[in-house]
Every structure is written in structure tokens, then in C-alpha cells.
Amino acid sequence: EKIENLIMPDSELEEKEYNIKRANKKISRKIGNLQDCIDSEIRDIIRKGKYELEDAVDKACREMENVVDNEWSRFKTKENLNTKLDSIISNLKTRKLKRLTDELAQEGCCKIKQCVIEFTTEAEEILMEYLNDFESKDFLKKLTNNIYIELDESKLFSAESDNDDDLGI
């Protein structure tokens, strides 16, 4: 291809340069749209997650209040009551909150992948229109695979924490 460019007439080279600049401008705009799409999806997931996690904590608090209000007399000692309350807290931390964050992370990854698919579809159209001698399908497939690998390794919205204080409990 480099040799072809060297023997190409100036008018064709200028046209090729013009097409490269147009493609660059349009792809740059699409990259901005991709960033906006991802930012919007992440904000929505965070907002949704905040409410779902708060609801789970509120439910556990109501359950503990119910234990204290209705089952207090059944417990022989304070330690027995504490054991029951600790069980509710443990279930909240190790099961409910973890599962909710895992579900949110999965949903976030799916939404981001949808943004990437939309971007690559639009980018492919642009590249095929302006750079018809460029192997856009292979390039975009490799790009998409690399993005997916990074996304999978990023632990987006991860619930993993060694510190219980991170959960506010």
C-alpha cells in the first residue's frame, strides 16, 4: 500500500487525505458520543444501585426492629438477641448487598457493551465510506474485543471489600 501511495497522482492523494480528515472528524465525534453514552449508563446504574442498596438496608433494619419489638421476650439473654441481630446483618452484608452489586455490575457491563456495539457499527459505516481500502471490520473487531477484556478485568461496580466500614455497617 505504501508503494501504491507513492505512485498515486497528487489529486488522488489529496482526495485520500481529505477522506482521512473527514473520517477522523466523524470518528472523533462518535468517540465523544460513546463517552457520553457510557457516562449516562454508569450514572443510571449508580442511581438505580443506590436506591436498591438503600432499600435492602432499610429492609434489614426493619427486620431487626421487628425482632427487638416482637421477639425480645423470647430471648433468654442479651447475647442471644445479639446473635439474631448479627445474623441479619451478616446476611445483609454477605448475601443481599453482594448479590445486588453483582447484578448491578452485570447490568452495567451489558449497557456499556451496548454502547460499544452502537459505536463500532457507526464507526464501521464511516470507515467504509471514507477509507474503503482500510480493513475496518478486523480493526473494529480487535478494538471491541480489547474493550470487552478491559471491561471484564476492571471489576466495574465491584462489591469486593475487606473492610466492613466500606458498607457503612
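Keep in mind it's a predicted model, so treat the numbers as computed, not measured.
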With sequence neighbours left out, what residues match Glu107 under salt bridge (Lys or Arg N to Asp or Glu O under 4.0 Å)? Lys48
Results of side-chain contact (heavy atoms from CB on, under 4.5 Å) for Asn80 - residues two or more places apart only: Phe75, Lys76, Thr77
Note, Ile42 side chain near Ile112 side chain (heavy atom, < 4.5 Å): yes
Check the pair Asp58, Arg62 against side chain to side chain contact (heavy atoms under 4.5 Å, CB included), reporting the backbone distance first and the verdict last. CA-CA 6 Å; Asp58 289 345; Arg62 283 191 300 277; 3.5 Å; yes
Is any side-chain heavy atom of Lys111 closer than 4.5 Å to a side-chain heavy atom of Asp44? no
Indicate yes or no: at least one non-hydrogen side-chain atom of Val57 is less than 4.5 angstrom from one of Leu97. yes
Can a salt bridge be assigned to the pair Glu63 and Lys59 using a cut-off of 4.0 Å between side-chain N and carboxylate O? no
Distance to the ring centre below 6.0 angstrom and angle to the axis at most 45 degrees; does that hold for Lys26 and Tyr130? no
All N/O donor-acceptor pairs, side-chain side in residues 140-147, below 3.5 Å, sequence neighbours left out:
{"residue": "Thr144", "atom": "OG1", "partner": "Leu140", "partner atom": "O", "Å": "2.8"}
{"residue": "Asn145", "atom": "ND2", "partner": "Lys141", "partner atom": "O", "Å": "3.4"}
{"residue": "Asn146", "atom": "ND2", "partner": "Lys142", "partner atom": "O", "Å": "3.4"}

For Lys137, give me all partners under salt bridge (Lys or Arg N to Asp or Glu O under 4.0 Å), at least two apart in sequence or on another chain. Glu124
Is there a continuous path of hydrophobic side-chain contacts, each under 4.5 Å between heavy atoms, that joins Met128 to Ile117? no
Quick check: do Phe119 and Ile31 have side-chain heavy atoms less than 4.5 Å from each other? yes
Are any non-hydrogen side-chain atoms of Ser87 and Thr83 less than 4.5 angstrom apart? no
Donor-acceptor pair, Ser90 side chain versus Asp86 backbone, under 3.5 Å? no
Considering residues at least two apart in sequence or located in another chain, which fulfil the ring-ring contact (aromatic ring centres under 6.0 Å, His included) criterion with Phe139? Phe134
Going by side-chain hydrogen bond (donor to acceptor under 3.5 Å, both in side chains), Tyr18 matches just one of Glu14, Lys21, Arg22. Which one? Arg22
Residue pairs meeting disulfide bond (SG atoms under 2.5 Å apart), one or both in residues 14-53, sequence neighbours left out, come to Cys37-Cys115
